[in-house]
Structure formats: structure tokens, C-alpha cells
Amino acid sequence: MAVDAAPRIGGRKRSQRALLIEGAVVIVLALLLIFLMPAVLSGFRLSLMGRFLALAIAALGIDLIWGYTGMLSLGHGVFFALGGYALGMHLKLQIPPDASSQLPEFMSLYGVTEIPWFWQPFYSFNFSVAAIILIPTLLGALLGYLVFRNRIRGVYFSILTQAATIVFFNFFNGQQKLFNGTNGLTDFKTLLGADVNDPQTQFTFYTLTVLFLVMSYTLCRWLTSGRFGRLLIAIRDDESRVRFSGYDPTGFKVVVFAVSAALAGVAGAMFTIQTGIISPKAMDIAFSIEMVIWVAVGGRANLVGAVLGALLVNFGKSLLSEQFPEIWLFFEGALFLIVVTVLPDGMVGWVRSQRNQLQALLGRRRQLVTYPSLEENPEVEREREDIGN
Amino acid sequence: MITGLFEALFNGISIGAVLLIAALGLAIVFGLMGVINLAHGELMMLGAYTTFVVQNGFKILGGPLFEFYILFALVFAFLVTAAVGFILERGVIRYLYGRPLETLLATWGVSLILQQFVRSVNWVLVIGIALFCLLFFGAMWILSRRPDFQRIRNWVVAVMLPLSLGIAGATGAFLGQSFQLAVTQPWFGAQNLDVTAPSWLRGGLPIGSFQLPYARLFIIGLTIVCVVGIYVFLQLTPWGLRIRAVTQNRSMSACLGIPTEKVDALTFALGSGLAGVAGCAISLLGSVGPNTGQNYIVDTFMVVVVGGVGKLVGTIVAAMAIGTANYLIGSGTLALLLTPVKPLADIFTFFATTSMAKVLVFALIIAFLQVRPGGIFPQKGRTVDA
Amino acid sequence: MRVAVLTTNLLAYIGATTGGLPLRTRLYYIEALRKSCKYQVFVSYVTISPRDLHYYNGLTMNVSLVGLIQLGVQNMARRLGRRKFILYGSATLGTSLLLKACAKPSANTTETTTTTTTTNTSSTGGGDTIKVGILHSLSGTMAISEKSVVDAEQLAIEEINAAGGVLGKKIQPILEDGASDWPTFAEKAKKLIDQDKVATIFGCWTSASRKAVLPVFEQKKHLLWYPVQYEGQECSQDIFYTGAAPNQQIEPAVDWLLQNKGKDFFLVGSDYVFPRTANTIIKAQLAAKGGKTVGEDYLPLGNTEVTPIITKIKAVLPNGGVIFNTLNGDSNVALFKQMQGAGLTPDKYPSMSVSIAEEEVKAIGPEFLKGHYASWNYFQTVDTPANKKFVQAFKKKYGENRVTNDPMEAAYIAVYLWKQAVEKAKTTDIAAVKKAALGQTFDAPEGKITLENNHHLAKFVRIGEVGEDGLFKIVYSSKEAVKPIPWNQYVAETKGYACDWSNPNKGGKYKGT
């Protein structure tokens, strides 16, 4: 992957080295997460960590479509939930053969006598795993194709995804017999014969989540570098110009949207297995908006930022709501406001700008950004001095 | 059959009217200004809470005046939410023009804050906030007259902010300690509130076996008044002209000396005020609580988008269409009408509960936007970006 | 990038004189003007998105391409300064809050460990306080209902502490917000159990939240007190259900309606699990007892548009009939307000609600509800000495205008029952408490209740009619406490099953006689 990602233009050796370093850092971090964290964190915090890492996978997906391609989806909860449901259905079908009923218990309570046809394939573990990825991907591709073909974009796209969220939410919520309605799927027992609530198994899931996160990061890194990545950014910055240059953005947008949906699906599955519940609540609009917030806080168009944002916002939320159960919403609201008004580039962007300033203080030459940013533009500088007097 | 048809028509219109009045403010804020205001629902909620306060005020006055509290409530709701909208625009949104997606996130934050605010507002909180504003902005105002203010500004802020926060917090804590329940009891609390329509708005006008609820008639009337009012304001007054000018071409308007910032603030305040009126109206039908606004927000956006952004006519038509569709599917009328066509009837019977009707209507909206991405009345123009 | 500068009085002039010129030419004028009157300026910025910046290196030649001019009096330097400042300010504020958040629990734990080196057993907590968890939604949709339950639980804890506590120790409640989000409930339950090591947890309202925490409690063999009437069909070893089972609320209400009000039922419910299960039970019961279900409809939670439902009711019940209402929260308000508007009055269309208590009546407005019925185990108007005391204490703590209702009472008794069980077991060890709790009786506000072997309470059944003042007039009251039946006997799938935790061989679901 590393070779593919390297830009072909000059300095190939150097960029290869940079990539190697990055790869090493990622692997070290992953190893730290797997081996050091369990020693440092209490069991409860570790399980939280596992869950938030799963959410970070979804954040990567959001960053891919929002940060890089400029499409703000407010309906990613749907894909997240579909991934969760796919795994949940498989888990619900793990019924010990000596049980009184061979149906998930909610079905027998609501008078379903035979397992519905679309539950059948979920007996197979392999099918379920495939479904976790494929169902969100296909749905994302379909939705994306329909929407992008008509050149619906920007705000309209966001609002359409919201409408889709409502459709799915109401549907899953209303189908008591098929999906257990509001309660969702819960009370999972075994997966491949292992007790899912056993700490050892949970730790396996945690490790898996870390691995998936690393894989997703690699995938996104690969996608966003090179020609494909540059095209995504071009679509974000000016879709019409991309069109004028002879590309059809629709295909690229559909692909990237589907990938992002698949990531959300994986995240949903990992989250479900670690939380022990998947319910239509995950398709709530609030949750989908929150996903975007993680990315906004961490830093758009920056993969590290997305992961960091997901972890920090969720840990912050968790701690704050523990300490101030009555008023923590104030803080959450304020966080959104502050991020949007004063940290438009998120934390990573802020750290970068600080680093530049620090280097300038130390007398080193300022790093040149691709575009001269506003602050550094000599013309603006001159203007500002004029006004100051 | 005639009454049946009439009933379906009336019910469709009355659902549409609620949607329309809720979407009107948004049609201005989102349609004309392009600001995605996710706090719109919360502004409606504030309108509903204002209605509650006005109602309680008139209860104390008592007598025949109470019967007309709703009219005053409409005015107050408009003023209060317009003021909140004004503050919102000046404080947050004006920094975000041209960045619609950021606005979306910021207003979502605002909506969370507003929800929590009505849950936990009490005297301590209000006094604390007032004290903080007095100290902080007062100090800024006094110091801003110094000639070297620009230079010391950051220092002033750095000193004054924690100081005023501290004083306000300490005062709040002290008040809470010394007066206990009298000041710490939330004004509204997390519970829903009781807004009771005056007796002339309860009950309904019987027509045969069917009864037209007065509250619905009132809302339909109110919606008409609002629509006409907005139309007149936008078309016939100088400020309306300016608003239209700025929304059409900001740069030209600015060059011609129109104070665009004032126009922005005014437009936003107007849209917010209409949300307040809508909040007052829906308090006649539904609940008043911290979640009131959340129930409407997606529906109203749908109405504006389906109608075609920036077109009032589109908003009206879309609201009526969505309302009628919702009613026809949800009440099973459509299933009944289509009985001869068996498979179609089966489909509609499946969707003939209120919650499934919503699924179908939203799916239809998505399908419709496939055909006409610009809504029923797309905006005509040469711009590449819609 | 900001370019042009104008004086105020010249602004209109330029507009008028250069109106017909291309924007580019205009900007030259502006530029010229700027140079000539530098010190009395009114600044205007031409905003150009950064990505297009390289086009404009030759100053403003191509400005007309952008056409986005924003006039403003802001001073750039000032604006940037403030932005930085807000950033730093909020960062400090945020970190200090987080620091406080992180520091507090550790301070607590050190405190407990230093004071109690002797009896630091796993879940008992030790020290001179016993920690208990309170886990309800304080934000989100369910906060409306759950906040009052928290109030009642805190009242009970305060009373117990004032009377000397449990086993000579004070109870220390630890409040957590489930945020109306089911995974959050599970997360917070784990936190309370693993990190705070609470002795027990009082919490949850919706069935979904209970189902979400159930695996957590079963895995940790911990103890949850669940205070709300629910749909039954569950009997966990790790939960005590202090609200009503269906046979203590829904079934008697249906019987009463059949006897007194009519045989034709229309079922309205919110679209979630309790109404759907309750309606399954009601339909089975009506079929068994000669009633008739003429229709049913479900509203999404929080939806307030009930016109289609009213049309349906009128279509199937033109001459009146019974409406059985299992709506939750906001939708209730809409239903009753609009039913009155549509002329569905309680004399022709009496309704029986199982989710409307005093608090909801207050929120809907008694004017709309007068003459409608509700079925509960407890009403504020119940005439017992224990209730007088309860209502008085509650109003004293939370204000005269507050009311008490059934879930609040159930939550209140839960705390007391736990206290009695702990005292009987003489330890907070969970297994011992569970055992000791069975058979406990308590003189509750609703009457004398007993905790049965199936982890539910034997409770009194009452039906009330809403009166002018928003309180209920009790029109029916069971003579004695009704024994709970968690597994419903009208539903074919669970017919004949029962639950008995006093006998380990029987357990949560066994085939009875």
C-alpha cells in the first residue's frame, strides 16, 4: 500500500521514508493500545476505550466524505446501525439447541412462529460478516448513485440523508416482530461458541477493534493520497471545475460514499458487540450529527484528527456527564459552538498553526503552506497595518 | 361521500397549515439567507414557553381578559424569539456566512444549549448570567473608550472573563445557599407544561357528523395572516426590498449602500420571530416541553426543500402536499379508495399507521427529489451552485 | 483576502457613478479613493476563498469572477484577536472542568480507602457511607418523566439518612445520566458497578433501557430496582420490579371497562415496545372475554399529529366506544387536545390511559382530560397516612406545585424495600440482600405491599377519573393487594409459565400447573 500511496513526482525516496515512519508510528500506537492500555486503564474505562475506538472507525468514514470530498452526511447512523443489526441478528440466532424455542425470544413473545426469510442467512457466521460490510456498502452506493447522479449536493444532500435516517428509524422502530422495535437486539450470549460477555472475549473484541481501526486508517490513507485523493479534494473545492476538466464526479463520489458507509457498518458491528445492544436509537439524527462533530473537533481532512476527535469528544462527554449529570448538555453545546467559530480546522489544524508560529519564534523559517493562508499573505499584512494606524 | 371528501380536504389542509407555519420562518432563514438553522425547532419551543408564561400572567389577571391571552402571547412569542434570533445572528451566525455546513453544526450546539436552558433555568442561573453580562460587557464598554483599547483588549478580556465568571458563580452559589428552594427551583423543569387554549378555541364547529376543531381553524387563519404579512412585508416595504436585494446579490446591494449586516440581522430576527409564532400556535395542539422543537425540525426542512429553496409559493404548496399525503396514507383513506386495485391497496394498508405513513411519505419525498432536485419551484438563475 | 477601502460618504457616490461599469473598473476607483483618503476610512473586504487566491496575485484584476463582496466595519485585527482569545479562554475553561471531572472521583476513592482499610470488600463499599446508583435519563426525550422519579428516590434516601441511615451508615447516591440513549444506559450501569462499586442501582424507565442494562446486571449478578409499570414477559433474578405487571394495571382496567363502559375498543399507542406488547395482551384478553378490538394505531414517539388517528376512530366507532391509550409523553398532549377539538368527548368516547399520571395531567391540562380514566396502583389522592406523609415531604422538598405519581411512589418504595432487605441481611452483599428482600412488606403510600418471590410486588389496583383540579377521583380500588403475574396468561406463548426465585429449581420461567 505504501508504494501506491507515494506521489510519483520527485522526492520519491523521501516520501517513502516519511511513509515508513508513519507506518511505524501507527503500528507502535496500535501495540500500545493493545498491550499497554489494559494495564493502565480500569476494566470499565478499557471497555469504553474499545467502544470509542469503534466509533473512531466511523469517524474515519465521515472524514473521508466530509473532510476530503465535502459531502456532509447526516445519516451515517443508518449504516452504523445496519452493520450493528447484521451482527446482532447473527448473535440472536445463537440459540442453544436445548432451548424451548428455536426463535429469538422476542419473536416468540410476539407470536412469530417461523423465522422470517431474511433472518435465515444470518445463521451463517461468514454471511453475517460479509453482510456487515456489504449491506451498508450497497445501500450507500445505491443512495449515493441516486443522489449524486442528480447533482444534489451541499446542504440538500445533508437534508436528504436526514430524511433517509427518519425513514429507516421509523421502519426499524415499527417492526416489533421483525427487529424487536425500540428495544433493539440485546442480550447476546455467544459468538462462535464463546461467551460474548466474558472479559477474555471482550478483550479479543477490543483487539479486533484496534486492528480494524488500523486497517481502516490504512485504507483511508491510501484512498486520500495519490490521484484519487487529489480528485476528492478537487471535488470538494470546486465540483464544477472538476466536471469541466473532463471528469465525472458522480462515480468517485459514489465510491467514496460507499466506502464510508462500509466503515460505518464495521464500526457499528464492533460497537454493538462491545456494548451488547443495537437499537434504532443509533439511527437517531442526534447520533449522526455527533459523528460529524467528532470529525469537526479533531480536524477535517485529517485522518488522525478524526480518530483523535472521536476519542476525545466521547471521553469528554463520558466524564462530563458523570460529573455534571444535570447540566452537561451545556458543555456539549458550547463545545460545538467553540469548535465551529474559533477552531474551524479542528484541534489538529490548531496544533499545526501553533507549530508554525513556534518555529517562527525560534527564528526558523516559516513553513510554506500550499496556499498562502490569509494570515501569512503579505498583502493582507500590509492592509492590516494600514488599518491599525 | 361529499362530507368524506370535505373532511379529507380539511384535515389535509389543517396538517399542512401546521407544517407551513412551522416552516415559514425557516423558509426565510434557510430559503432566503441560506442559513441552516437547526435551532429553529428550539426557537419554536421558546415561543411555546413564552405562551405558557403569558398564559400564567393572564391567569393572575383573570376575568374575561384571559380569554384573549393567546393574541398577546402571539405578539410576545414573536418578540421574544425575534430577540433571541437577533442575538444568535449577532453572536454566532454572522461569522459563519458562506459556510453552511459549519452553521449547521453551530446551530445544533445552540439547540442543545437552549433545550438544557429551559430545563434548568432558575433564578440563580438567570441572576448569574445577568450579573456576568453586566460585569463583563459593562467593563468592556467602559474600557472601550480608552484610546489604547485595541492594544490592551486581550489582557482586559483575559482578566475580566474569569473575574466576572467567578463573581457570577459565587453569587449564584451564595443565593442558592441562602434562599434554597425559592431561587433554585427550576422555573419550568424538565416536565412538559400545560398550555390551555382559551375556551373559545376548544371544541369545534359541527358540520354534519364531522366537527371542525376551532384550534385548527385558528391555526389555518393564523397561517394565512402570516403568509400574507410576509408577502406584503417583502414586496411592499423598503426593508423588504432591501432583504430581497441582499439575498439576490449581496455585493451589488452592498455597493449601493444597503447596510447588509443590518439586513442580515433583521431577516434572521424575522425568521426567528415567525418560529416563535409557530411555537405559540402548536402549543394549542401539542405539548410544550423541552423536546417540542425536535419533533418538527426535520419535517420543516423537508417542506422547504421540497418546495424549492427561496420560494415562498413552493413552501406553501409543499406543506399542503405533504400534509395531505400524510393524512391520506396515515388514515388509511388511500387504502380504502384503492380497494379495487388489490396489490396497491395492500401496500397502502401496510403503511396505514401513522408511523409507517411517515416512512412512506419521506421515501416519496426522496423519490420526488430524484425527479426534481430543485424542488417543486426550482430557483431560476445562472449560478452553477444551487 | 481583503482589498478595497471606502469612505462612508463616497460609498453611495461610487455606487451611483460606477453603477454601469464592470466590477473590476469599480474596484480601481475604490483603490484610487483608498490611496487618496487613507485616514478616514471605512473598510470593506472583498472575500475570496483561499483556494482561489493564486488567481489574485496580480491584485484585484479578476475580482469580478468571485462577485462575493462583503461590506463590513469590522476591523480585521480586532476580529482575529478576539477569535484567538475565545479559543484560549475556552480551552482553559474546558481543561479546568475536565481536570475537576477527573480529579473528583480519584479524591473520593482515596478518601474511602484511607478511612476503611478494614472492611474493603468488593461491592459493599465500606466506610461510613453506602453508595447506591441512580440511573435515569436527565436529558433527552425521557427526561420529562424520569426526572421526577430521581426526585422521589433522592427524597427517600434523604429521609433514610435523616433517620440514621442503613446499618448505621449514610446512603450516598451517585447520579448518572442515561441520556435517553440505551447504549448509554448500559455504559453507565457498568460504570456504577465496576468503578463506583455501588451496593445497588435504582433506575431505568423505558423497557428498552431496562433490556439494555439487563445483560450487564445478569453478568455481574448485580441488583436493579425498576420502578415503572411495564409490559411483563420478563422475570430476571437481578431485577426487582416495583411497578405494576400487566395483571395489576392493564388487565383490571380492561375488565372494568368491559363491565362499565362498552365492548368496542380502539387501541392507540406510541410506536415502541410497551404499547405494542400491552396491546397484544389487551387483544388476547378482549378475545377471551367477549370484547372486540375495532382498530389500532401507533404514533412515532414525540409525534404530535393525530388527525389520521381521530379520523380512524370516528370511522370505526361512529357511535362511540372505548379508547385504550398507551401513548407515551408528548403524543398524549396532542391526542387529548385534538380529541376535544374533534368532538370526541369522554361521555361517548371514554378513554383509559396507562401512561398518564398526575404529572402528565398537569402538563396536558385538566380541561382536556376531565372525565377520562387512568389505571394505576397509586394516585396522589389515595387516602392513607403513609401517603399523606409522602406527599407532604415531597412538596416540602421540591415545591408546592409539584405532584406525586405512581412511578415516583414505586421508586420511593424501592429505596425503602432495599433498606429493609439490607437491614434484614445485615450486610449489603448483593446475594444476601436479594434473598432477604423476598417477602418484605412495607407500609407504602398506596397501602401495604409485599415483595413476592417472583421479584414483583403485590400491589393495589386503582382506577381514577380525572377531576377539575387535575387530580384523580378514585372510582375503583381493589380490596387487597393483587399478586403479580409477570408471564402473561392471555398470551398463548407464555400461558402457564410462572416465576419463582425463592426456589432455585424453578427460576425465572417454569411451567406451572
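Below, chains carry the letters A, B, ... as their sequence lines are ordered, and counting in each starts from 1. Just so we're clear, the structure is a prediction, and the values are computed from it rather than from any experiment.
Heavy atoms of B/Ile366 lying under 4.5 Å from chain A belong to its backbone as well as its side chain. Neither the backbone nor the side chain of B/Leu114 has a heavy atom closer than 4.5 Å to any heavy atom of chain A. Only the side chain of A/Ala296 comes within less than 4.5 Å of a heavy atom in chain B; its backbone stays farther off. Only the side chain of B/Leu96 comes within less than 4.5 Å of a heavy atom in chain A; its backbone stays farther off. Contact of A/Arg300 with chain B is made through the side chain alone, with heavy-atom distances under 4.5 Å. Using a 4.5 Å cut-off between heavy atoms, B/Leu360 does not touch chain A at all. Heavy atoms of A/Val147 lying under 4.5 Å from chain B belong to its backbone as well as its side chain.
Between A/His76 and A/Ser260, the side chains place a donor N or O and an acceptor N or O closer than 3.5 Å (distance only, hydrogens not considered).
Using bins of under 30°, 30° to 60° and over 60° for the plane-to-plane angle, the ring pair A/Phe179/A/Phe118 lands in the tilted bin.
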(message) Run the side-chain contact (heavy atoms from CB on, under 4.5 Å) test on B/Phe117 and B/Ile129 for me, step by step, so that the C-alpha distance in whole Å, both residues' side-chain angles and the decisive distance to 0.1 Å come before the verdict.
(response) CA-CA 12 Å; B/Phe117 179 76; B/Ile129 292 177; 4.2 Å; yes
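Of the listed residues (A/Asn173, A/Ile289, A/Leu74), the greatest number of heavy-atom pairs within a distance under 4.5 Å of chain B belongs to A/Ile289.
With ring centers used as reference points, B/Phe86 lies 6.0 Å or more from B/Phe268.
Tested against A/Phe79, the residues A/Phe257, A/Phe168, A/Phe287 include a single ring pair (Phe, Tyr, Trp, His ring centres under 6.0 Å) partner, A/Phe257.
A/Arg236 contributes a side-chain N or O that, together with a main-chain N or O of A/Gly67, makes up a donor-acceptor pair within less than 3.5 Å.
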